[in-house]
Amino acid sequence: MKIFLMVLALASTVVWASEEQASVETVKDSYEFCLDMAEEEENKDSAVLFCVNDELKSLGYKGFDSLQAIKSFIKAD
């Protein structure tokens, strides 16, 4: 049982560590959701960037360095 749990823990760590880029659709959905959520925020751009990155990282994907990078990625499709 201990070996099974150790293998499971290692496997999940490997999957978690191999962050890939999310699809355009996933990023676009996160961006639109976060844009709505940050409507009343004082520093809207920072709030949207943080929100999108948080959403993506919770799904196991890489985040973005800037809001402009998110917009460019979405428009590249």
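Quick note: residue numbers are just sequence positions, from 1. All heavy atoms count here, side chains included; hydrogens, waters and symmetry mates do not. Everything quoted here is computed from the prediction, not taken from an experiment.
If you take OH on Tyr61 and CD on Gln21, they are separated by 9.5 Å, rounding to the nearest 0.5 Å. Here the NZ-NZ distance, from Lys62 to Lys57, works out to 11.5 Å after rounding to the nearest 0.5 Å.
In terms of heavy-atom proximity, Ile74 sits nearest to Lys28 at CD1-CA, 3.8 Å. Residues Phe73 and Ala22 come closest through the heavy atom pair CZ-O, 3.3 Å. What you find for Ala47 and Glu41 is that their closest heavy atoms are CB-CG, 3.8 Å. Annotation for Leu67 and Leu49: closest pair N-CD1, 3.9 Å, computed over non-hydrogen atoms. Ser30 and Glu55 make their closest contact through OG-CB, 3.8 Å (heavy atoms, listed as atom of the first residue, atom of the second, distance). Considering all non-hydrogen atoms of both residues, Cys34 and Val48 come closest at O-CG2, 3.9 Å.
Connection of Leu59 to Val27 is established within a shared hydrophobic cluster, with ILVMFWY side chains joined at heavy-atom distances below 4.5 Å, either directly or through further cluster members. When hydrophobic clusters are built by joining Ile, Leu, Val, Met, Phe, Trp and Tyr residues whose side-chain heavy atoms come closer than 4.5 Å, directly or via intermediates, Val24 is grouped together with Tyr31. Taken together through direct or relayed side-chain contacts under 4.5 Å among Ile, Leu, Val, Met, Phe, Trp and Tyr, Ile70 and Met37 form parts of separate hydrophobic clusters. Residues Leu35 and Phe64 share a hydrophobic cluster, clusters being chains of Ile/Leu/Val/Met/Phe/Trp/Tyr side chains in contact below 4.5 Å.
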